[in-house]
Amino acid sequence: PNVNRDQSLLQVKAGQSDMDIEGLPATATAQLGQQFGVNKGRFYVGSTSCVNYMGMNTARAPFNNVALRKAVNYAIDRPAQVRLLGAYAGKRTSQLLVPGIPGYKPFNAYPLAGADVAKAKALGGAAIAAAPTLNIVHTTSTASTNRAQVAEFNLKQIGFKVNDLPTPATNYYQVIQTKGTTYNFVTNGGWCADYFDPFDYLNVLFDGRKLQAANNNNYAYFNNAAFNKGLDRAASLSGSARAAAYARLDHDLMAKYAPIVPYLLPTNDYFVSSRTKNWIYSAYFGGPY
């Protein structure tokens with residue numbers, strides 16, 4: 001984590017190192033793809049089990065109001081967020097489940113082509129102007145700061161007032177995962193599979209009965225009795241019935257409740273030296289093995 005990725009890229013190009021396992025600088029991927037091709041031996045772009053999302057604190061105003069949560073999902077410019085990450089960063093999304101997970105059925109509850117400011121304003125109405133200033137928390141890295149700035153611009157576009165709160169990574173999760181937190185919106189968030197089952201996304205992240213004093217993965221603090229009941233039913237099923245039940249829950253999470261803003265199915269990319277041969281990228285683990 002302490003390696004300078006620009007420096008390690010130069011070392012791999014020069015044959016002094018074979019690979020930086022931490023990945024590549026976002027500014028380098030387009031040129032590497034042009035020079036070496038994609039997945040042709042040296043520059044590899046691979047899928048992951050991850051989804052990146054922003055979160056809203058549904059336990060306090062203003063995002064205890066579902067109309068405002070839906071308005072935010074229309075307001076966030078997903079293509080702009082993906083562009084910040086450079087070429088081959090991944091695919092835009094507006095749902096939680098990812099390809100390869102049973103129950104994944106693609107749908108677009110919110111626009112993938114860019115922000116729909118008019119729709120967001122229409123959904124939020126007077127409640128946007130009446131809302132308290134949003135406490136927006138993000139970590140202090142350059143990438144996180146850039147992401148937050150774009151999101152804050154989008155939120156101000158539709159009429160929200162924002163309070164930018166950069167937070168060191170060392171205590172970021174303590175701030176957002178502690179019950180009673182005063183944050184409203186977080187721009188650093190996401191999930192990768194512990195195991196390839198929809199339970200690991202929907203039940204683990206959004207069963208409100210599991211909320212506790214600290215260390216909450218459900219940092220949207222979403223707790224809905226009907227949704228919890230659906231989670232129990234889906235978890236009791238198997239095979240195609242299980243997949244269909246989780247597909248409905250994935251749809252309902254966003255179309256009905258919208259506690260988060262999914263925006264990216266990220267890829268991982270790696271560059272190897274000319275002497276590195278016969279290596280394999282594992283989509284299951286999201287890395288070389």
Side-chain angles (χ1 to χ4, degrees), residues 1 3 5-6 8-9 19-33 38-39 43-55 73 76-101 103-114 138-139 141-151 154 169 172-173 176 186-198 200-202 204-205 217 219-220 250 253-254 260-272 280-289:
V3 173
R5 293 188 183 186
D6 292 290
S8 65
L9 173 60
M19 173 190 287
D20 182 351
I21 198 66
E22 292 295 319
L24 297 164
T27 53
T29 51
Q31 187 273 328
L32 289 171
V38 179
N39 301 343
F43 174 58
Y44 202 99
V45 179
S47 62
T48 71
S49 66
C50 303
V51 55
N52 290 6
Y53 56 81
M54 303 175 189
N73 267 283
I76 293 299
D77 188 335
R78 289 170 172 84
Q81 290 292 342
V82 177
R83 284 195 296 271
L84 290 174
L85 300 172
Y88 314 110
K91 296 181 179 179
R92 292 159 280 172
T93 189
S94 62
Q95 66 189 102
L96 180 70
L97 291 184
V98 309
I101 299 296
Y104 171 74
K105 186 177 181 180
F107 68 94
N108 297 329
Y110 302 100
L112 301 186
H138 60 91
T139 58
S141 71
T142 300
S144 295
T145 300
N146 291 342
R147 181 187 307 118
Q149 287 176 344
V150 172
N154 292 152
Y172 171 77
Y173 284 103
I176 70 170
V186 292
T187 54
N188 294 71
W191 191 255
C192 301
D194 300 299
Y195 44 89
F196 274 37
D197 188 88
D200 188 46
Y201 293 78
L202 285 153
V204 169
L205 295 177
N217 289 324
Y219 48 81
D250 188 31
L253 181 73
M254 295 309 303
I260 58 172
V261 184
Y263 65 93
L264 175 67
L265 299 172
T267 58
N268 283 338
D269 42 48
Y270 296 95
F271 179 63
V272 299
I280 298 172
Y281 179 91
S282 167
Y284 185 91
F285 293 106
Y289 286 88

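Values in this document were obtained by computation on a predicted structure and should not be read as measured data. Each residue takes its place number in the sequence, starting with 1.
- In this structure, the separation between CD on Gln95 and CG on Asp250 is 5.0 Å, given to the nearest 0.5 Å.
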Chi angles and distances behind the side-chain contact (heavy atoms from CB on, under 4.5 Å) call for Leu205, Tyr53:
CA-CA 12 Å; Leu205 295 177; Tyr53 56 81; 3.7 Å; yes

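- At a threshold of 4.5 Å between non-hydrogen side-chain atoms, the residues Leu24 and Leu9 count as touching.
- Shortest non-hydrogen contact noted between Ala151 and Gln81 is N-NE2, 3.6 Å.
- In this structure, Gly86 and Thr29 approach most closely via the heavy-atom pair C-OG1, 4.1 Å.
- Among residues two or more places apart in sequence or in another chain, the side chain to side chain donor-acceptor pair (under 3.5 Å) test is passed with Ser144 by Thr139, Ser141, Asn188.
- Considering CG of Asp77 and CG of Leu112, their distance stands at 11.0 Å, rounded to 0.5 Å.
- Annotation: side chain of Leu96 is not in contact with side chain of Met254 (no heavy-atom distance under 4.5 Å).
- Listed here is the closest heavy atom pair of Thr187 and Tyr172: N-OH, 4.4 Å.
- Residues meeting the side chain to side chain donor-acceptor pair (under 3.5 Å) test with Asp197, sequence neighbours left out: Arg242.
- Between the Arg92 side chain and the Val82 main chain, no donor and acceptor come within less than 3.5 Å of each other.
- Applying the side-chain contact (heavy atoms from CB on, under 4.5 Å) criterion to Phe196, with sequence neighbours excluded, gives Ser49, Ile101, Ala193, Tyr284.
- For Tyr219, the ring-ring contact (aromatic ring centres under 6.0 Å, His included) criterion is met by no residue, not counting sequence neighbours.
- The distance from the CG atom of Leu202 to the CG atom of Leu97 is 5.0 Å, given to the nearest 0.5 Å.
- Counting non-hydrogen atoms of neighbouring residues, nucleotides and ligands closer than 6.0 angstrom, the CD1 atom of Ile21 exceeds 12 such neighbours.
- Under the ring-ring contact (aromatic ring centres under 6.0 Å, His included) criterion, Tyr281 pairs with Tyr44, not counting sequence neighbours.
- Residues meeting the side chain to side chain donor-acceptor pair (under 3.5 Å) test with Thr27, sequence neighbours left out: none.
- Residues satisfying the side chain to side chain donor-acceptor pair (under 3.5 Å) criterion with Asn73, sequence neighbours excluded, are Arg78.
- In this view, Tyr173 and Ile176, Gln177 satisfy the side-chain contact (heavy atoms from CB on, under 4.5 Å) rule, not counting sequence neighbours.
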For residues 260-272, which side-chain N or O atoms pair as donor and acceptor with protein atoms under 3.5 Å away, sequence neighbours left out?
| unit_1 | atom_1 | unit_2 | atom_2 | d |
| --- | --- | --- | --- | --- |
| Tyr263 | OH | Arg147 | NE | 3.1 |
| Thr267 | OG1 | Tyr88 | O | 2.4 |
| Thr267 | OG1 | Ala89 | O | 3.2 |
| Asn268 | ND2 | Gly286 | O | 2.6 |

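- In plain terms, the two heavy atoms of Asp20 and Arg5 that are nearest each other are OD2-CG, 3.9 Å.
- Side-chain contact between Cys50 and Val98 is absent, with no heavy atoms from C-beta onward closer than 4.5 Å.
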